[in-house]
S.K.: 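I am attaching a structure below and will ask some questions about it afterwards.
Counting begins at 1 with the first residue of the sequence.
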Amino acid sequence: MGIVCELYRASDKLIAEIASHPQGATNFVNENFANVEGDLPGDGTESSMDKGWDVAFFLLKEADPSPNKVLSGWRGKAFDESNYDTPYYLTSNQVKAMAPVLAALNHQDIKNAYNLEKMETEEVYRAGSYILNQWDYFIAHTNEIIDIFKKAAENNEGIIINYS
């Protein structure tokens with residue numbers, strides 16, 4: 001068993017409503033979005049990634065060519081700073097700033113960002129469990145991340161990030 005990362009496209013209005021009740025954010029997201037044990041809606045509004053999610057985000061962040069390293073903010077803001085298990089969020093403006101940077105990356109840029117020593121130093125989840133020859137696995141995750149950011153930006157949506 002490991003930690004799964006789920007990304008959900010959501011309107012800024014919904015994100016603001018959840019943020020207005022931070023202590024209830026975890027329950028709200030788990031009851032209305034999270035579905036680790038079963039099927040997700042499959043309508044493109046969600047993405048569920050298994051244990052390789054943090055390595056994929058690391059690779060994207062490291063490959064970020066933007067001058068201000070916009071992808072370093074991918075984790076977003078916690079709904080409830082006092083709760084370790086709280087979901088996080090990015091507003092539509094943050095997503096729109098990240099989406100074109102993600103879209104501009106190619107597979108070689110991402111592959112060149114692979115640095116096991118740095119991942120282990122930064123305590124990237126499960127970094128030591130993977131090796132570079134599992135490239136298709138990493139690319140599947142990075143493509144999934146790029147796709148949901150693209151769709152969210154096109155629809156003027158933010159993203160809720162939940163770990164289960």
S.K.: Dump the intermediate steps for side chain to side chain contact (heavy atoms under 4.5 Å, CB included) on Ile110 and Phe138, then the final yes or no.
M.R.: CA-CA 9 Å; Ile110 297 166; Phe138 296 136; over 6 Å; no
S.K.: Counting only heavy atoms from other residues, nucleotides and ligands, does the tally under 6.0 Å from CD of Gln108 exceed 12?
M.R.: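 Enclosed.
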S.K.: List the atom of Ala78, the atom of Glu81, and the distance in Å for their closest heavy-atom pair.
M.R.: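 Shortest heavy-atom contact: CB-OE2, 3.6 Å.
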S.K.: Minimum heavy-atom separation for Ala10 and Ile160, please, with both atom names.
M.R.: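 Distance-wise, the nearest heavy atoms are CB-CD1, 3.9 Å.
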S.K.: Can you name the closest pair of heavy atoms from Val101 and Ser66 and give their distance?
M.R.: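 Reported closest heavy-atom pair: CG2-CB, 4.1 Å.
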S.K.: To the nearest 0.5 Å, tell me how far Lys111 NZ sits from Ile139 CD1.
M.R.: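 Result: 8.5 Å between the selected atoms.
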S.K.: Please step through side chain to side chain contact (heavy atoms under 4.5 Å, CB included) for the pair Arg75 and Ile161, ending with a clear verdict.
M.R.: CA-CA 7 Å; Arg75 291 188 190 269; Ile161 305 152; 5.6 Å; no
S.K.: At their closest point, which heavy atom of His21 faces which heavy atom of Glu17, and how far apart are they?
M.R.: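 Answer, listing the atom of His21 first, then Glu17: CD2-O, 3.6 Å.
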S.K.: Any donor-acceptor pair under 3.5 Å linking the side chain of Asp12 with the backbone of Ser92?
M.R.: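 At least one qualifying donor-acceptor pair exists.
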S.K.: List in chain and number order the residues that pass side chain to side chain contact (heavy atoms under 4.5 Å, CB included) with Lys118, two or more places apart in sequence or in another chain; answer none if no residue qualifies.
M.R.: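 For Lys118 the side chain to side chain contact (heavy atoms under 4.5 Å, CB included) partners, ignoring immediate neighbours, are Phe58, Glu62, Asn115, Glu122.
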S.K.: Work out which heavy atom in Ala152 is nearest to a heavy atom in Val95; give both atom names and the distance.
M.R.: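 Closest approach of Ala152 to Val95, heavy atoms only: CB-CG1, 3.8 Å.
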S.K.: Students often mix this up, so state it plainly: with edges at 30° and 60°, are the rings of Tyr163 and Tyr88 parallel, tilted or perpendicular?
M.R.: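 Answer is perpendicular, since the angle exceeds 60°.
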S.K.: So how far is it from Asn155 CG to Lys96 NZ, rounded to the nearest 0.5 Å?
M.R.: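 Result: 10.5 Å between the selected atoms.
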S.K.: Can Ser82 and Asp80 be said to form a side chain to side chain donor-acceptor pair (under 3.5 Å), step by step?
M.R.: CA-CA 5 Å; Ser82 69; Asp80 181 0; 2.6 Å; yes
S.K.: Can you tell me how far apart CG (Asp64) and CH2 (Trp74) are? Round to the nearest 0.5 Å.
M.R.: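 Spacing of CG (Asp64) from CH2 (Trp74) equals 13.5 Å.
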S.K.: Do Met98 and Leu90 come within less than 4.5 Å of each other through their side chains, counting heavy atoms only?
M.R.: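 SC-SC contact between Met98 and Leu90 confirmed.
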S.K.: May I ask you to test the Cys5-Asp54 pair for a side-chain heavy-atom distance under 4.5 Å?
M.R.: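 No, side chains not in contact.
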S.K.: Does any part of the side chain of Tyr8, heavy atoms only, come nearer than 4.5 Å to the side chain of Val29, both counted from C-beta?
M.R.: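 Yes, at least one pair of side-chain atoms sits under 4.5 Å.
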S.K.: Could you state the interatomic distance from CZ (Phe79) to CG (Asn162), rounded to the nearest 0.5 Å?
M.R.: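 The distance works out to 9.5 Å.
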S.K.: How far does CG of Leu105 sit from CG of Leu71, to the nearest 0.5 angstrom?
M.R.: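 Nearest 0.5 Å value for the CG-CG distance: 6.5 Å.
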S.K.: Mind running side chain to side chain contact (heavy atoms under 4.5 Å, CB included) on Val124 and Phe57 for me, showing each step along the way?
M.R.: CA-CA 9 Å; Val124 171; Phe57 273 114; over 6 Å; no
S.K.: At their closest point, which heavy atom of Tyr89 faces which heavy atom of Gln94, and how far apart are they?
M.R.: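 It is O-OE1, 4.3 Å.
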S.K.: Under the side chain to side chain contact (heavy atoms under 4.5 Å, CB included) test, which residues partner Thr26, sequence neighbours left out?
M.R.: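 For Thr26 the side chain to side chain contact (heavy atoms under 4.5 Å, CB included) partners, ignoring immediate neighbours, are Asn30, Asn83, Thr86, Pro87.
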S.K.: Stepwise, does the side chain to side chain contact (heavy atoms under 4.5 Å, CB included) test hold for Glu120 with Leu116?
M.R.: CA-CA 6 Å; Glu120 288 175 340; Leu116 181 58; 3.8 Å; yes
S.K.: If you round to the nearest 0.5 Å, how far is CG of Leu102 from CZ of Phe149?
M.R.: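 Atom-to-atom, Phe149:CZ and Leu102:CG are 6.0 Å apart.
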